[in-house]
Amino acid sequence: MKMNFGGVIEEVMTREEFPLEKAREILKNETIAVIGYGVQGPGQACNLRDNGFNVIVGQRQGKTYEKAVADGWVPGKTLFSIEEAAQKGTIICMLLSDAAQMQQWPNIKPYLTAGKTLYFSHGFAITWNDRTGVVPPKDIDVIMVAPKGSGTSLRTMFLEGRGLNSSYAVYQDASGHALDKVLAFGIGIGSGYLFETTFVREATSDLTGERGSLMGAIQGLLLAQYEVLRENGHTPSEAFNETVEELTQSLMPLFAQKGMDWMYANCSTTAQRGALDWMGPFHDAIKPVVQKLYASVKCGNEAQISIDSNSKPGYREGLEKELAALRDSEMWQTGAVVRKLRPENN
């Protein structure tokens, strides 16, 4: 289906054009081996299972393995070690973390025999395979479906009868049927609509988004405003409500549903004037930072930082300290109290 995105015509695939019955038919002889049950694994594996596909899970022993058991995966029947699942599967889904994909690649590669399919939900390992070492054999299909959200959101929206939008890409088409497979897979995991990308474009946009508006930039912006309000005598509750609570609880759901133009048209004239006057200075201040970020992602610098950090001894302990500092900051401690005070929690 061709869609007009602000004057740009783009081809997308919807569930009406590519129904679930067609997806089941295309993948009816495949054994889908989901390797990793951390962030994306549970949502994709459970959605595929509920949609009638033949799915098994490969996971190392530990808490995540026990989560898989709790979700109904049966050891020895539908739940196996990583190596055994990779051996049994015809579509090997690399849903481990980027660091774990690098670590486990030597164990998985021997099972990527001719005619199989290697599936990703992130372009990192392939895009920077000169750094990750993840170089697939030439006689297999290599495809990707990348949901635009967490695995938790993918599962929650699926259970609500909705779908999380996903991008898709074919990196290697050894069989001549890789496109059908990737579209079927995207429908099978419960995507809302599917739009085409490449492994490189997905990896660069994803790393930019995570470091930018989705996580890094939003935390920096919220903290800056919170600090200025606190430094000028506003209480923690007032500063948090004006900075975070109103944004996430009141405004975001509305402009997610109706658009920012609708939000501007339906707020007070004072808010309209201020927003219109200040969006320019914020844009002009932030765009150079985003340009610098994108350049760092595209040249592979951000990937290398991630690879180097994850390979350091004691990385996990250092990460926990950084996350604890964020959690224990006044702004997010205030947030914890504010969340408890929401009517639905009382």
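Only heavy atoms go into these numbers, but all of them, side chains included; no hydrogens, no water, no symmetry mates.
Each salt bridge (charged side-chain N to carboxylate O under 4.0 Å, His left out) pair with one or both residues in residues 299-326, not counting sequence neighbours, appears once here: Arg211-Glu302.
In terms of hydrophobic clustering, with Ile, Leu, Val, Met, Phe, Trp and Tyr side chains grouped at heavy-atom distances under 4.5 Å, Phe120 and Met102 are assigned to different clusters. Hydrophobic clustering (side-chain heavy atoms under 4.5 Å, transitive across Ile, Leu, Val, Met, Phe, Trp, Tyr) keeps Val182 apart from Phe199.
For the pair Asp141/Lys181, a side-chain contact is recorded, criterion being any heavy-atom separation below 4.5 Å from C-beta on. Looking at Gln219 and Leu326, their side chains come closer than 4.5 Å, going by heavy atoms from C-beta outward. Phe18 is not listed as a side-chain neighbour of Arg15, based on a closest heavy-atom distance of 4.5 Å or more. Residues Phe80 and Gln59 form no side-chain contact, since every pair of their non-hydrogen atoms from C-beta on lies 4.5 Å or further apart. For the pair Phe158/Ile189, no side-chain contact is recorded, criterion being any heavy-atom separation below 4.5 Å from C-beta on. Residues Arg155 and Leu159 form a side-chain contact, since some pair of their non-hydrogen atoms from C-beta on lies under 4.5 Å apart. The closest side-chain heavy-atom distance from Arg201 to Thr127 is not below 4.5 Å. In this structure, Ile108 and Ile92 have side chains that are in contact, with non-hydrogen atoms separated by less than 4.5 Å.
Remark: Tyr119 pairs with Phe185 by the ring-ring contact (aromatic ring centres under 6.0 Å, His included) rule, at least two apart or across chains.
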Residue pair Arg339, Glu245: steps toward the salt bridge (Lys or Arg N to Asp or Glu O under 4.0 Å) verdict: CA-CA 9 Å; Arg339 288 192 294 274; Glu245 191 74 354; over 6 Å; no

CA sep, side-chain torsions, deciding dist, call: Ser205, Thr208, side-chain hydrogen bond (donor to acceptor under 3.5 Å, both in side chains): CA-CA 5 Å; Ser205 61; Thr208 300; over 6 Å; no

Full working for salt bridge (Lys or Arg N to Asp or Glu O under 4.0 Å) between Glu66 and Lys63: CA-CA 5 Å; Glu66 296 307 318; Lys63 288 183 179 179; over 6 Å; no

From CA spacing to verdict: side-chain hydrogen bond (donor to acceptor under 3.5 Å, both in side chains), Asn107, Gln104: CA-CA 5 Å; Asn107 301 325; Gln104 290 293 326; 3.1 Å; yes

Residues Lys292, Val290; criterion side chain to side chain contact (heavy atoms under 4.5 Å, CB included); working and verdict: CA-CA 5 Å; Lys292 182 179 179 181; Val290 178; over 6 Å; no

Derivation and outcome, salt bridge (Lys or Arg N to Asp or Glu O under 4.0 Å), residues Glu30 and Lys116: CA-CA 9 Å; Glu30 305 284 357; Lys116 287 196 176 187; over 6 Å; no

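If you check the side chains of Tyr37 and Asp71, you find a donor sitting under 3.5 Å from an acceptor. Residues Ser166 and Lys148 bring no donor and acceptor atom of their side chains to less than 3.5 Å of each other. Thr197 and Ser167 form no side-chain donor-acceptor contact under 3.5 Å, judged by distance and modelled atom types alone.
Without hydrogens or angle criteria, Ser153 side chain to Gly149 main chain gives no donor-acceptor distance under 3.5 Å.
Of all heavy-atom pairs between Asp284 and Pro288, the closest is O-CD, 3.1 Å. The heavy-atom pair separating Ser121 from Pro147 by the smallest distance is OG-CD, 4.0 Å. Residues Ala45 and Val57 share a closest heavy-atom pair of CB-CG2, 4.2 Å. Residues Tyr65 and Arg60 share a closest heavy-atom pair of CB-O, 3.2 Å. A pairwise comparison of heavy atoms in Ser191 and Val145 identifies OG-CG1, 4.3 Å as the closest pair. Listed here is the closest heavy atom pair of Ala174 and Asp139: CB-C, 3.7 Å.
Taking 4.0 Å as the cut-off between side-chain N and carboxylate O, Arg230 and Glu330 count as a salt-bridged pair.
Summarising the local packing, OH of Tyr264 is surrounded by more than 12 heavy atoms from other residues, nucleotides or ligands at distances under 6.0 Å. Other residues, nucleotides and ligands contribute only 12 or fewer heavy atoms inside 6.0 Å of the NZ atom of Lys298.
Considering Trp128, Trp105, Phe124 in turn, Trp105 is the only one that fulfils the side chain to side chain contact (heavy atoms under 4.5 Å, CB included) rule with Val134.
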